[in-house]
Protein chains: 2
Amino acid sequence: MYAVKYYWGDVMSKNMDVSVSVIRRLPRYYRFLGDLLLSGTERISSREFAELIGVTASQIRQDLNCFGGFGQQGYGYNVQGLHSEIGKILGLDKKRSAILVGAGNLGLALANHMRFQDRGFSLIGIFDNSPSKIGIAVGDCIVRDAAELEDFCRDNKPEAAILCIPKDVAIVLTDNLVSWGIKGFWNFSHYDMSVKYRDIAVENAHLGDSLMTLSYCIGDIEQSANN
Amino acid sequence: MYAVKYYWGDVMSKNMDVSVSVIRRLPRYYRFLGDLLLSGTERISSREFAELIGVTASQIRQDLNCFGGFGQQGYGYNVQGLHSEIGKILGLDKKRSAILVGAGNLGLALANHMRFQDRGFSLIGIFDNSPSKIGIAVGDCIVRDAAELEDFCRDNKPEAAILCIPKDVAIVLTDNLVSWGIKGFWNFSHYDMSVKYRDIAVENAHLGDSLMTLSYCIGDIEQSANN
DNA sequence: TAGATTGTTAATCGATTAACAATC
DNA sequence: TAGATTGTTAATCGATTAACAATC
């Protein structure tokens with residue numbers, strides 16, 4: 001019933017009740033609401049909030065009303081309440097188990113650095129096929145042999161997989177991961193996972209594409225500076 | 001004249017001749033054309049190319065014609081030619097100098113892993129303020145004391161800065177970096193760089209936001225599976 | 001009650017898709 | 001020339017913004 005395919009910024013999606021444009025704004029709302037909470041702000045109007053984060057008040061109200069009426073006429077929004085509601089919408093109160101495949105530089109950086117528990121996930125396994133990596137401790141995990149992946153998935157039913165592997169490895173591995181029950185991918189590989197799977201979410205984090213976009217923009221700025 | 005602000009996928013832009021939606025598709029076109037080149041394909045029609053990467057032929061033709069007519073009626077597009085044209089549009093033939101600020105896990109992963117030279121950049125300096133990091137060799141660079149940043153920028157005129165630092169550090173540092181001549185930021189910090197600067201490009205790579213989006217999508221799939 | 005601000009509908013804007021004449 | 005496929009214009013679709021009635 002489902003197949004979602006995200007490219008860094010550019011998006012293809014199917015069968016989603018709420019458009020991806022809206023969803024992608026929620027984490028930012030959530031972060032700013034967290035800041036407001038820390039600063040002790042109790043209430044905020046859509047107009048004030050819009051000014052703070054640089055969008056229109058209309059957009060904020062429209063976005064929120066995809067999920068329900070979280071405000072109160074004449075008052076605005078309760079910061080704590082809205083923060084927690086958006087958190088729930090994003091599923092941050094969940095602890096979806098995730099595995100990380102590929103313990104290279106990037107994989108280890110994510111394993112060490114990313115606060116999965118604040119973002120709806122719990123990292124329960126790290127895998128690599130290099131003997132030099134297998135056995136080393138990373139956070140709460142020990143890097144396991146990629147050969148154990150199938151058994152591990154059967155026993156622990158991870159829901160998400162983080163792919164920090166080269167393209168060619170990703171191509172052969174994703175089919176298996178899907179068949180072993182993975183429902184969502186955070187894809188750092190350059191493999192453009194096709195839409196051939198259903199009921200699967202793919203969030204592509206093509207860092208190289210992002211860097212190329214920056215390259216274009218700097219060029220565009222230089223050009224307009226010369227004119 | 002210019003101020004661009006990108007959020008992971010969601011975008012605010014000003015004064016760009018070509019819309020960001022189009023620009024963000026170019027790196028993907030470029031990657032697929034690279035694959036086609038490797039596989040020895042000489043020509044491709046917009047229809048075939050569209051099928052390959054999962055978009056409409058109309059979109060590809062519209063996108064390309066923002067920059068010029070690269071095809072030939074009745075023939076299609078020459079793969080090599082189009083690949084190189086898109087590379088030029090993205091500025092990948094340039095070697096814009098970039099510095100990386102913050103030699104933590106993520107910073108080191110990028111420094112070691114990212115092929116800057118294939119994406120229009122050349123990494124010329126890495127900076128950190130931790131004595132345990134200063135002096136260690138990473139690729140062609142040696143991690144320098146962040147205190148040297150101003151002098152380094154004056155002497156070497158880097159165009160881009162990669163921010164792999166915590167939010168609070170980013171807040172105090174970006175003003176300085178802009179005044180020292182940085183024209184573009186690749187921002188991995190959670191600081192939402194404001195639109196207060198002009199003539200500056202900001203490409204936000206908020207990995208946490210990306211992960212939260214995946215969390216939502218997995219939840220959405222589960223819900224629709226239950227109904 | 002009066003003022004403020006939401007939730008929601010209507011209007012606008014931009015991006016995507018379809019169509020087709022131009023042309024290789 | 002006939003067939004194919006582009007470049008480009010027109011039609012559609014969706015997302016953003018504006019407006020305002022509902023209501024706290």
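FYI, side chains are in, hydrogens and waters are out, and symmetry mates aren't considered; it's all heavy atoms of this structure. Chain identifiers are assigned alphabetically (A, B, ...) following the order of the sequence lines, protein sequences preceding nucleic acid strands; residue numbering begins at 1 within each chain.
Close to dG7(C), at under 4.0 Å from its OP1 or OP2, lies a side-chain N or O of Tyr77(A). The shortest distance between the side-chain N/O atoms of Thr56(A) and the OP1/OP2 oxygens of dT17(D) is below 4.0 Å. Ser58(B) has no side-chain polar atom (N or O) that falls below the 4.0 Å cut-off from OP1 or OP2 of dA18(C).
The closest side-chain donor-acceptor pair between Glu203(B) and Ser210(A) falls under 3.5 angstrom. Side chains of Thr41(B) and Ser39(B): a donor-acceptor N/O pair is present below 3.5 angstrom, by distance only. Tyr29(B) and Asp63(B) share a side-chain donor-acceptor pair at under 3.5 Å. Looking at Ser45(B) and Glu48(B), their side chains do bring a donor and an acceptor atom within 3.5 Å of each other.
In this structure, the CD1 atom of Ile23(B) is 11 Å from the P atom of dA15(C), given to the nearest Å. In this entry the distance linking CZ of Phe70(A) with P of dT8(C) reads 12 Å, nearest Å. Per the geometry, CG belonging to Asp17(B) stands 13 Å off P belonging to dA15(C), to the nearest Å. What separates CZ of Arg43(A) from P of dA4(C) is a distance of 11 Å, to the nearest Å. The CG atom of Asp63(A) sits 12 Å away from the P atom of dG7(C) (whole-angstrom rounding). For the pair Glu48(A) CD and dA4(C) C1', the interatomic distance rounds to 11 Å; values are reported in whole Å. Atoms CD1 (Ile60(B)) and C1' (dT8(D)) sit 16 Å apart, rounded to a whole Å.
A perpendicular orientation is assigned to the rings of Trp186(A) and Phe116(A), their planes being inclined by more than 60° (bins at 30° and 60°). Taking the six-membered ring where tryptophan is involved, the planes of Tyr216(B) and Phe67(A) are perpendicular, since the angle between them exceeds 60° and thus also 30°.
For the pair Gln62(A) and Arg47(B), nearest-nucleotide mapping onto DNA chain D gives the more 5' position to Arg47(B).
With pairs defined as Watson-Crick or G-U wobble and both atom distances under 3.5 Å, the stems of at least three pairs that touch DNA chain C come out as C:3-24 with D:3-24.
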message = Please determine whether side chain to side chain contact (heavy atoms under 4.5 Å, CB included) holds for the pair Arg119(A) and Leu214(B), giving the CA-CA distance in whole Å, both sets of side-chain angles, and the decisive distance to 0.1 Å.
response = CA-CA 9 Å; Arg119(A) 276 141 193 153; Leu214(B) 180 62; over 6 Å; no
message = Applying side chain to side chain contact (heavy atoms under 4.5 Å, CB included) to Arg43(A) and Tyr75(A), what does each step give before you reach the verdict?
response = CA-CA 8 Å; Arg43(A) 62 165 285 277; Tyr75(A) 171 85; 3.2 Å; yes
Table of protein N/O atoms under 3.5 Å from nucleotides 20-24 of chain C N/O atoms:
{"from": "dC24(C)", "atom 1": "O3'", "to": "Gln72(B)", "atom 2": "NE2", "distance (Å)": "2.4"}
{"from": "dC24(C)", "atom 1": "O2", "to": "Gln73(B)", "atom 2": "O", "distance (Å)": "3.3"}

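Contacts of Asp35(B) classified as salt bridge (Lys or Arg N to Asp or Glu O under 4.0 Å), with partners at least two apart in sequence or in another chain: Lys167(A).
Using a 4.0 Å heavy-atom criterion, one finds that Phe49(B) contacts no nucleic acid atom at all.
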